[in-house]
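Per chain, numbering begins at 1; letters A, B, ... match sequence-line order.
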Protein chains: 2
Amino acid sequence: MSGSIQSVERAAAILRLLGGGERRMGLTDIASTLGLAKATAHGILRTLQQEGFVEQDAATGRYQLGAELLRLGNSYLDIHDLRARALVWTDDLARSSGESVHLGVPHQGGVLVVHHVFRPDDSRQVVEVGAMQPLHSSAMGKALAAFDPVVRTQLLAADRPRFTARTVTGRRDVEDLLEVVREQGWASDLEESWEGLASVASPVHDRRGVAVGAVGVTGAVERVRESRDGAVRPALVAAVRDCARAVTRDLGGGRFRIN
Amino acid sequence: MSGSIQSVERAAAILRLLGGGERRMGLTDIASTLGLAKATAHGILRTLQQEGFVEQDAATGRYQLGAELLRLGNSYLDIHDLRARALVWTDDLARSSGESVHLGVPHQGGVLVVHHVFRPDDSRQVVEVGAMQPLHSSAMGKALAAFDPVVRTQLLAADRPRFTARTVTGRRDVEDLLEVVREQGWASDLEESWEGLASVASPVHDRRGVAVGAVGVTGAVERVRESRDGAVRPALVAAVRDCARAVTRDLGGGRFRIN
DNA sequence: GCGACCGGTCGACAATGCTGAACGGCATCG
DNA sequence: CGATGCCGTTCAGCATTGTCGACCGGTCGC
């Protein structure tokens, strides 16, 4: 029986449902959305609640995600090998570039941010660790898709929503873009995800040469580009690629690889 | 049948096992630790892996926590009402106190950090969101235990490991300490958890008056205390209590409550 | 105060997942 | 270099376990 455990699968579906979209959901909602009997959903929810993965609002009886997920998510970060090795390099990159630095890994058709170094000034910033970035419009996403065939397939298969006027959505256009990224070894995002924000990213490879993550800097488009509508600042590109190369080397891979 | 779903319970146990202690575990280890048949553990692990909650090292075959947990943990933060309301106040507290600020909620016999504002200088700091603090030796833990009977019971029931020479471990001592905290409305941690670090914390109450969280500042003991072996800086205590009171008020509760 | 809705419960059925044993690959050790 | 253990994985049969539909009791809104 190489199938999956049904109840665990359903529990995961419930968690995913609670994690995306509505903040709180009622039992009936959850059950009907997933096509389950109310009693079935209730049993799973009761167990998840008991384990801390789900909490129930005492007043309204509605369900939401639980604190245990935050704790375990943090444990995941402790485990993360790539992240541990990248810590020191990304710190340096943030200092030298003066911009905030992200480390992302491919996850479920997107890029999951596993590390985030704040821009080294006193401005108010929010932690983005645990957040997702789109594959088709983020620098890290394109860097990963260009070097990992699996991610590339995901990118081409999924729909690519338009976030700004500069978002590239056409399949042909995306494919050409990835070709360029593969040739030059780095990717950019010039106001393709958010107005006014630009990023530069480069992939990190493990010892077998597969792209396991990407390092990127993000900042105001005025600081990332040389001039209005100009090219990305070469020094920034060099710094990002240096960082990505350093992490790759640290992972024990890429001795013979160029990125 | 008010029991729990067995397989979901076991899946949660596996996740908790992977989250605490060993970074990676083999199937046999996991199964024997939890008293499960290998095949049973394998089925659950396969499902968890498929859902992204667990990852398997391709080389060694060992299992570790998966990225989906980080994503969901982040979603939990988005949901968190207390955290959302506290954001602006904790920012102000960090600025005015010049120290790093934490917001914690009681969770599984400890304090789970749900928000963390960096000390407003350029020093290198790591995000502690998702980390746990002990009830008996942290300022937030004591603040929560003093005002929430459930947490208080947990604190008295659990064993209280000694972290430094100043950690209070005796049951009688802890009870007296909590009494003082309840009277004065705030708690401190003077090198009881880590050498050189001190904290001050005050509880946040919801509209029904129960302590749902705690706000605390943490810094070098030399900056928190007025003098060597002196009292905690009154201005710092006032700032923390102001912040906690503000959040409580924001939650719609505590109009008649003093903390 | 009536109705509709919601969360929760109950008991029966059978589908589901658990169990013990056996397989194949890998590394180690003799 | 073959034997031996260890480990992750698979298999098939059995009964435990979770699922289902119908049924409560409370609450909100009309």
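To the nearest angstrom, C1' of D/dC20 lies 14 Å from CG of A/Leu27. In this structure, the CZ atom of A/Arg62 is 13 Å from the C1' atom of C/dC5, given to the nearest Å. Atom-to-atom, CD1 of A/Ile44 to P of C/dG8 comes out at 14 Å; the value is rounded to the nearest Å. Atom pair B/Glu9:CD and D/dT17:P shows a separation of 11 Å (rounding to whole Å applied). In this structure, CE of B/Met25 is placed 14 Å from C1' of D/dC7, rounded to the nearest angstrom. In this structure, CG of A/Leu45 is placed 15 Å from P of C/dC6, rounded to the nearest angstrom. Rounding to whole angstrom units, CD1 of residue B/Ile5 and P of C/dG17 are separated by 10 Å. Rounded to whole Å, atom P of C/dG17 lies 13 Å from atom CG of B/Leu48.
Nucleotide D/dC30: unpaired (no Watson-Crick or G-U wobble partner with both distances less than 3.5 Å). Across the strands present, C/dG1 finds no partner; the criterion is a Watson-Crick or G-U wobble pair with both atom distances under 3.5 angstrom.
Contact between A/Ile14 and A/Ala41 at its shortest, heavy atoms only, is CD1-O, 4.3 Å.
If you check every strand for non-hydrogen atoms under 4.0 Å, B/Thr40 touches a base. Residue-level contact check: B/Gln56 touches the backbone only, with heavy atoms under 4.0 Å from sugar-phosphate atoms and none from bases. Contacts of A/Gly26 with the nucleic acid, taken as non-hydrogen atoms under 4.0 Å apart, involve only primed sugar atoms and P, OP1 or OP2. Residue B/Ala39 is classed as a base contact, given a heavy-atom separation below 4.0 Å to a base.
Considering only side-chain atoms of A/Arg46, the nucleotide from C/dC18, C/dG8, C/dT9 that sits closest is C/dT9. Distances were taken from every side-chain heavy atom of A/Gln6 (C-beta onward) to each of D/dT19, C/dG7, D/dG8; the shortest belongs to D/dT19.
The aromatic ring centroids of A/His42 and A/Tyr63 lie 6.0 Å or more from each other.
Side-chain contact between B/Met25 and B/Thr33 is present, with at least one heavy-atom pair separated by less than 4.5 Å. Looking at B/Val105 and B/His80, their side chains come closer than 4.5 Å, going by heavy atoms from C-beta outward. Contact annotation: the side chain of A/Leu251 approaches that of A/Val212 to within less than 4.5 Å [non-hydrogen atoms, C-beta and beyond].
The phosphate of D/dC7 has neither OP1 nor OP2 within less than 4.0 Å of any side-chain N or O from B/Tyr63. Phosphate proximity of D/dT9 to B/His42: present, with a side-chain N or O under 4.0 Å from OP1 or OP2. Not one side-chain nitrogen or oxygen of B/Thr28 sits closer than 4.0 Å to the OP1 or OP2 atom of D/dC6. Note on A/Arg10: a side-chain N or O is less than 4.0 Å away from OP1 or OP2 of D/dT19.
Counting atom types as modelled, A/Lys38 pairs no side-chain N or O with a base atom of D/dG21 as donor and acceptor under 3.5 Å.
With the nearest nucleotide of DNA chain C identified for both A/Val8 and A/Gly61, A/Gly61 has the one nearer the 5' end.
For the atom pair CZ (B/Arg62) and CD (B/Gln56), the distance works out to 11.5 Å, reported to the nearest 0.5 Å.
The separation of C/dA15 from C/dG11, taken at their P atoms, amounts to 22 Å, rounded to a whole angstrom.
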